[in-house]
Amino acid sequence: MWQHYDLPGEHPLVGTGAPDYELTGGTHFADHLHDGRALPLDPSGALPDLAAGYRDRMRTITTAPPCGKAPPALFVRPDGYVALAGEPDRHALEMVLKT
């Protein structure tokens, strides 16, 4: 994708379209974006309490992509662009959820 948003964050995926990772269980990341909700990928399960207040606007994936190429945590906006990528970071996720 040619579009890149200037979003805060050091990871190279931030501001780009989310990669379509294959997930354990046979689904793909993009399969979970069809309902227009934000999509956090949190295989470590480190951040579930932060997402609790937003359950009606997002669906959390706790299954890690088997390829091992995905960052440990990823937050994808409803438009399919990555807003947060890297190690699970409570402060950064709080900031993303508030904007």
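Looking at L84 and V14, their side chains never come closer than 4.5 Å, going by heavy atoms from C-beta outward. P43 places none of its side-chain heavy atoms less than 4.5 Å from the side chain of T62. Y81 has its side chain out of reach of H4: every pair of non-hydrogen atoms, C-beta onward, lies at least 4.5 Å apart. Between L74 and V82 the shortest side-chain heavy-atom distance falls below 4.5 Å. Side-chain contact between M58 and L39: absent, with no pair of heavy atoms (C-beta onward) separated by less than 4.5 Å. Using a 4.5 Å heavy-atom cutoff, the side chains of F29 and L41 are in contact. With a 4.5 Å cut-off on side-chain heavy atoms, L23 and H32 count as touching.
In this structure, R77 CZ and L33 CG are separated by 12.0 Å, a value rounded to the nearest 0.5 Å. Of the inter-residue distances, the one linking R59 atom CZ with H34 atom NE2 reads 9.5 Å to the nearest 0.5 angstrom. Y21 contributes atom OH, which lies 14.5 Å from atom OG1 of T27 (distance to the nearest 0.5 angstrom).
Listed here is the closest heavy atom pair of P78 and G36: CB-O, 3.3 Å. The minimum heavy-atom distance linking P19 with L13 is given by the pair CG-CD2, 3.8 Å.
Residues that satisfy the side chain to side chain donor-acceptor pair (under 3.5 Å) test with R37, not counting sequence neighbours, are D35. Not counting sequence neighbours, the partners of H28 by the side chain to side chain contact (heavy atoms under 4.5 Å, CB included) test are D20, E22, D31.
Within 6.0 Å of CG on D56 lie more than 12 heavy atoms contributed by other residues, nucleotides or ligands.
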